[in-house]
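Lettering follows sequence order; numbering is per chain, from 1. Because only heavy atoms are used, hydrogens play no part in the values below, and waters and symmetry mates are left out as well, while side chains stay in.
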Amino acid sequence: MTFSLRVPANFNLRSTITSHGWCVLAPFSSDRDLGTLRLLLRPNGGKPIPVSVSQKTAAAIAVTSESTLPASAQNSVSQLLRSILRLDEDYSEFYVESKRQSGYRWVERAGAGRLLRAPTVFEDVLKMMCTTNCSWALTEVMVANLCRRFGEEGEDGRHAFPTPEAIADSTEKYIRKEIRAGYRSPYILELARNAASRKIDLESWRQSSLPTQQLYEEVGSVKGIGPYAAGNILKLLGRYDYLAIDSWCRKKFFELHTGGKKRTDKFIERRYEPLGKWRGLFFWLEVTKDWYNGQKAAWD
DNA sequence: GGTAGACCTGGACGC
DNA sequence: GCGTCCAGGTCTACC
């Protein structure tokens, strides 16, 4: 069955899919031209079902499921997609600011800014942990292994991202050997156990009223989450005050602004300070602008 | 508060 | 095929 979901005026599905690497980490996937997002969703917390999303018109996206969904499941899938695709977040202030800044006028035309996120904060945090201190190829391996070993199987044979409970009963030794997570293994286990026992309420972070600095400190208090990971997690929570500089961004910044000459992170941070609470998003869009090159001609 | 070394894996490279 | 080196963030101990 296929049903449609209304989207905001400036929404662009392709830009959201390509906003960062989540679209290729299991259980997400996309088609070759990055126009369709495939994912496994648990409507009402139930069994995972495969869903694909594509955009045929500016006003709506088409949501397709192989099976017929009852109204409550359809409603739940819609709610999950609204959160994953950031449909309910207001970017009008960001777009006004982007038009004031030279070098960012393409942003609104591209419908860029909405960063794809997982159905749960737990999934976002665990995946972010798997991006630290390794190649992207290894991140893909670790996340795929987490799904394969701990995730419930969906109707199409793919595995959903595991719940905290599914990992909590495991052992550090098993995670090292089967997930290939190395020294991250105790951190993964601790996070899953703390989330499963409600010692930490990760899911409340998306609605948190804490000041951003305080939320950043809470996110950073998770073992295995340092400044880079915490800054990126905050972006997925809708807070863009931190740049979350990693080696790739650093290199890209030097290429764009210093002729390849290395500078300190403080130097980079000072450059984006005038962009206020949106600086993390401006920074990310600037260093990843090349990703949009294929579509840019249509936007300019 | 700042710094050094350890952590673990996969890829690149030389033999 | 094997061994060595390096890159990639975070944690911990130490100054």
Residue pairs fulfilling salt bridge (Lys or Arg N to Asp or Glu O under 4.0 Å) with at least one residue in residues 204-223 of chain A, sequence neighbours excluded
A:D124-A:R206
Compute whether any side-chain donor of one residue and acceptor of the other, for A:Q213 and A:Y242, lie under 3.5 angstrom apart.
yes
Can you tell me if A:T131 and A:Y228 form a side-chain donor-acceptor pair at under 3.5 Å?
yes
Applying side chain to side chain donor-acceptor pair (under 3.5 Å), run through A:T64 and A:T2 and close with a yes or a no.
CA-CA 4 Å; A:T64 304; A:T2 298; 3.1 Å; yes
Testing the basics here: between A:H159 and A:G151, what is the closest heavy-atom pair and its distance to 0.1 Å?
ND1-O, 2.9 Å
Restricting to nitrogen or oxygen on both sides, can you table the protein-nucleotides 5-8 of chain B pairs closer than 3.5 Å?
{"from": "B:dC8", "atom 1": "OP1", "to": "A:R176", "atom 2": "NH1", "distance (Å)": "2.5"}
{"from": "B:dC8", "atom 1": "OP1", "to": "A:R176", "atom 2": "NH2", "distance (Å)": "3.2"}

Boundaries of the chain A footprint along DNA chain C (any atom under 4.0 Å from a heavy atom):
C:dG8 to C:dT12
Would you say the ring centroid of A:F94 lies under 6.0 angstrom from that of A:F282?
yes
Centroid separation A:W22 to A:F28 less than 6.0 Å:
no
Angle class for the A:W284/A:H20 ring planes (parallel below 30°, perpendicular above 60°, tilted otherwise)?
perpendicular
Contacts of A:R279 meeting side-chain hydrogen bond (donor to acceptor under 3.5 Å, both in side chains) (sequence neighbours excluded), chain-then-number -> none
So what does A:S135 hit on the nucleic acid, given a heavy-atom distance under 4.0 Å: a base, only sugar-phosphate, or nothing?
nothing
How are the rings of A:Y95 and A:Y91 set relative to one another: parallel (under 30°), tilted (30 to 60°) or perpendicular (over 60°)?
tilted
Are the aromatic ring centres of A:Y240 and A:Y272 under 6.0 angstrom apart?
no
Overall bend - the helix from B:dG1-C:dC15 to B:dC15-C:dG1, comparing terminal axes fitted on five pairs, nearest 10 degrees:
30°
Toward the 5' end of DNA chain C, which comes first, A:K251 or A:Y187, by nearest nucleotide?
A:K251
Nearest heavy-atom neighbours spanning A:R14 and A:G35
NH1-N, 4.0 Å
State, yes or no, whether a side-chain contact exists between A:P8 and A:R114 at a heavy-atom distance under 4.5 Å.
yes
Residues of residues 213-229 of chain A with a heavy atom under 4.0 Å from any atom of DNA chain C, listed by number, are A:V222, A:K223, A:G224, A:I225, A:G226, A:P227, A:Y228, A:A229
